[in-house]
Amino acid sequence: MDKTAVKVLRVFEYMCGQDSPLGVSTIAGKMHLTKSNVHRILRTLVSLDYVEQLDSGLYRPTLKVWELGTLIVSRQDFLQVAKPHLRALNQLTGESIYLATLNGSEVVYLDVLDSKFPIRINAAIGGTAPPHASASGRLLLAYNPAFAEKYLEKALEKYTVKTLVRLPEVKRRLESIRQAGYSINDGEWREGVCGVAAPIHNAHQLGVAAIGITTLKERAGKQAMKRFTTMLRDVALRISRELGYRG
């Protein structure tokens with residue numbers, strides 16, 4: 001073990017745990033080091049931008065370590081994190097389960113687990129859905145306002161008699177989704193098909209993806225949809241927690 005590296009890291013960890021800037025003497029006394037040793041350590045940390053020296057002569061940590069931490073968190077693959085949760089939900093409900101995100105002007109399915117029932121919903125990995133007419137799409141619009149603003153500039157296609165295409169109605173629906181924390185589709189993209197979607201957040205972005213359940217309306221009554229919604233929100237939150245979300 002490199003003793004010098006250990007000293008540098010321990011001094012830095014100690015500084016990160018303090019509420020106020022520190023002087024050389026204080027650090028030396030607390031860490032049982034000589035002042036000359038602490039000076040060298042601080043010069044190294046300052047040169048690498050982990051620590052800054054104030055006009056008062058005292059030292060404090062910078063946000064560099066936080067920046068590096070967010071880079072690590074951002075590399076978490078939400079598809080891989082979500083996979084075991086998708087499988088568990090699929091086995092528990094028997095219904096089609098999917099993970100989706102925004103891609104261009106569409107919703108794209110990153111993973112799809114088919115229903116166990118003979119009559120099932122046709123969805124495939126890599127398949128797409130219209131954002132304004134699907135549960136996951138409206139959810140992602142609700143949590144990505146910049147994308148939603150641009151998307152809603154164009155005329156919206158009406159897929160069924162229930163599809164909302166008037167801008168005021170769509171905007172009210174998006175606001176209600178943000179308030180509720182989930183999105184429901186009741187035959188608005190395909191006749192007789194219903195579903196619910198819940199948001200997946202990571203450490204620095206809300207609504208980075210959506211997890212959803214799709215089923216046939218004749219198979220799922222109000223109580224089933226209510227149960228699916230509760231289950232889905234719980235699973236989405238667990239996935240989000242694993243991705244570093246702390247909201």
Side-chain angles (χ1 to χ4, degrees), residues 1-86 99-103 110-111 139-150 177-182 198-211 233-247:
M1 184 181 294
D2 189 316
K3 292 183 179 179
T4 301
V6 170
K7 288 179 182 178
V8 172
L9 290 173
R10 284 183 175 169
V11 166
F12 182 66
E13 288 175 350
Y14 169 72
M15 295 179 70
C16 289
Q18 305 310 303
D19 295 329
S20 58
L22 301 169
V24 172
S25 297
T26 300
I27 296 173
K30 293 293 184 180
M31 301 301 295
H32 305 292
L33 298 170
T34 64
K35 291 183 181 180
S36 60
N37 203 344
V38 172
H39 269 297
R40 286 195 298 271
I41 291 172
L42 290 173
R43 282 201 301 270
T44 298
L45 291 170
V46 168
S47 67
L48 294 173
D49 295 326
Y50 285 97
V51 166
E52 63 180 344
Q53 185 176 19
L54 306 178
D55 293 338
S56 62
L58 300 179
Y59 296 84
R60 68 180 180 188
T62 67
L63 292 176
K64 184 171 182 178
V65 70
W66 176 80
E67 293 170 358
L68 294 174
T70 58
L71 286 175
I72 294 171
V73 172
S74 69
R75 293 192 187 103
Q76 291 289 330
D77 186 338
F78 59 81
L79 175 57
Q80 295 305 317
V81 171
K83 272 186 177 294
H85 296 283
L86 297 175
L99 180 71
T101 193
L102 293 172
N103 182 44
L110 302 176
D111 201 2
L139 185 87
L140 293 168
L141 287 176
Y143 283 95
N144 293 273
F147 173 85
E149 183 177 358
K150 185 175 180 180
I177 289 169
R178 281 190 289 268
Q179 294 290 331
Y182 63 91
I200 292 175
H201 312 308
N202 61 22
H204 54 276
Q205 181 182 344
L206 298 180
V208 66
I211 181 174
R233 294 181 69 187
D234 179 63
V235 171
L237 182 58
R238 276 186 274 145
I239 296 171
S240 299
R241 294 291 192 214
E242 290 185 36
L243 291 170
Y245 175 66
R246 293 295 178 266

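For reference, positions follow the sequence shown, starting with 1. A quick note: this is a predicted structure, and the numbers were derived from the prediction, not measured.
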- Steps toward side-chain contact (heavy atoms from CB on, under 4.5 Å) verdict (L102, F147): CA-CA 9 Å; L102 293 172; F147 173 85; 3.7 Å; yes

- Message: Just verifying a value: how many Å separate H85 NE2 and I211 CD1, rounded to the nearest 0.5 Å?
- Response: 8.5 Å

- Message: Restricting to non-hydrogen atoms, name the atom on L54 and the atom on P21 that form the minimum distance, rounded to 0.1 Å.
- Response: CD1-CG, 3.6 Å

- Message: Check whether T101 reaches the backbone of A209 with its side chain - one donor and one acceptor, N or O, closer than 3.5 Å.
- Response: no

- Query: Can any side-chain N or O of R246 pair as donor or acceptor with the backbone N or O of R241 at less than 3.5 Å?
  - Reply: yes

- Message: For Y50 and L68: C-alpha separation, side-chain torsions, deciding distance, then whether side-chain contact (heavy atoms from CB on, under 4.5 Å) applies.
- Response: CA-CA 11 Å; Y50 285 97; L68 294 174; 3.4 Å; yes

- On a heavy-atom basis, the closest approach of A142 and I177 is CB-CG2, 3.8 Å

- Task: Take K83 and L99 through the side-chain contact (heavy atoms from CB on, under 4.5 Å) test and state the conclusion after the steps.
- Result: CA-CA 9 Å; K83 272 186 177 294; L99 180 71; over 6 Å; no

- Task: Look only at the side chain of D111 and the backbone of L79, and say whether a donor-acceptor pair between them is shorter than 3.5 Å.
- Result: no

- Note on the structure: Of all heavy-atom pairs linking G57 and Q53, the shortest is O-NE2, 3.4 Å

- What is the distance from atom CZ of R10 to atom CD1 of I27, rounded to the nearest 0.5 Å? 15.5 Å

- Task: Under the side-chain contact (heavy atoms from CB on, under 4.5 Å) rule, what do R40 and S36 come out as? Steps first, then yes or no, please.
- Result: CA-CA 6 Å; R40 286 195 298 271; S36 60; 4.1 Å; yes

- Task: Report yes if the side chains of N202 and F78 come closer than 4.5 Å at any heavy-atom pair, otherwise no.
- Result: no

- Query: Could you state the interatomic distance from CD (E149) to CG (L141), rounded to the nearest 0.5 Å?
  - Reply: 12.0 Å

- Item | Value rounded to 0.5 Å, distance of CZ in R60 from CE in M15 | 10.5 Å

- Message: Using every non-hydrogen atom in the two residues, find where L33 and N37 come nearest and quote the distance to one decimal.
- Response: CD2-ND2, 4.1 Å

- Query: What distance do K30 atom NZ and Y14 atom OH have between them, rounded to the nearest 0.5 Å?
  - Reply: 5.0 Å

- Query: Is the backbone of L48 close enough, under 3.5 Å, to the side chain of K64 for a donor and an acceptor to pair up by distance?
  - Reply: yes

- What one should report as the nearest heavy-atom pair of M31 and V11 is CE-N, 4.0 Å

- Query: Looking at L206, I239, I200, which hits side chain to side chain contact (heavy atoms under 4.5 Å, CB included) with Y245?
  - Reply: L206

- Item | Non-hydrogen atoms of Y143 and G207 that approach each other most closely | CB-CA, 3.7 Å

- Rounded to the nearest 0.5 Å, what separation is found between the CG atom of L9 and the CD atom of E13? 6.0 Å

- Under the salt bridge (charged side-chain N to carboxylate O under 4.0 Å, His left out) rule, collect the residues that match up with D49, sequence neighbours excluded. none

